[in-house]
Amino acid sequence: MPFLPSFLQWLKDPGPRNEKRTLFCDMVCFLFITPLAAISGWLCLRGAQDHLQFNSRLEAIGLIALTIALFTIYVLWTLVSFRYHCQLYSEWRRTNQKVRLMIPASRSPHPVPHSLLSAKLLKKTADETTV
């Protein structure tokens, strides 16, 4: 799971604190708004059902429209917030890449130079002859 370690690195990164504060606030809002939206939608639909039983069609239609508007706003806010934080994280990953250089172990008894450039230089000086 390469996502989790880099996400934890992003959280620990001492970079812009505003991005992490925004993520935290959005997570807290999501935790509060989700149950409130669910309860409000359920209450609106129950009210619409009751109004339909008592032949109050206009109030029932209003409550159904309110429920649709409520859930539309909730879903749009969730998607926009999620997309914003994914873009911030992707930008951070693009600009803070961690590169690990792996040098293979040598099987020869002679010491091996640690870079390709120094290997080419050593080979070049060994191939040259003095005139």
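Note that the structure is a prediction, hence the values are computed from the model and not measured.
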Checklist entry - Is the shortest heavy-atom distance from the side chain of Leu88 to the side chain of Trp92 under 4.5 Å? => result no
Checklist entry - Do the non-hydrogen side-chain atoms of Phe82 and Asp26 ever get within less than 4.5 Å of each other? => result no
Checklist entry - Is it true that a side-chain atom of Ser40 and a backbone atom of Leu36 form a donor plus acceptor pair closer than 3.5 Å? => result yes
Item to check | Val28 and Phe24, any side-chain heavy atoms less than 4.5 Å apart | outcome: yes
Next on the checklist: Could you check whether Tyr74 and Thr34, counting side-chain N and O atoms only, form a donor-acceptor pair closer than 3.5 Å?
Outcome noted: yes
Could you list the donor-acceptor pairs under 3.5 angstrom formed between side-chain atoms of residues 45-72 and any protein atom two or more places apart in sequence or on another chain?
from, atom 1, to, atom 2, distance (Å)
Arg46, NH1, Gln49, OE1, 3.1
Thr67, OG1, Leu63, O, 2.8
Thr72, OG1, Ile68, O, 2.6

Checklist entry - How long is the gap from OG on Ser81 to CE on Met27, to the nearest 0.5 Å? => result 10.5 Å
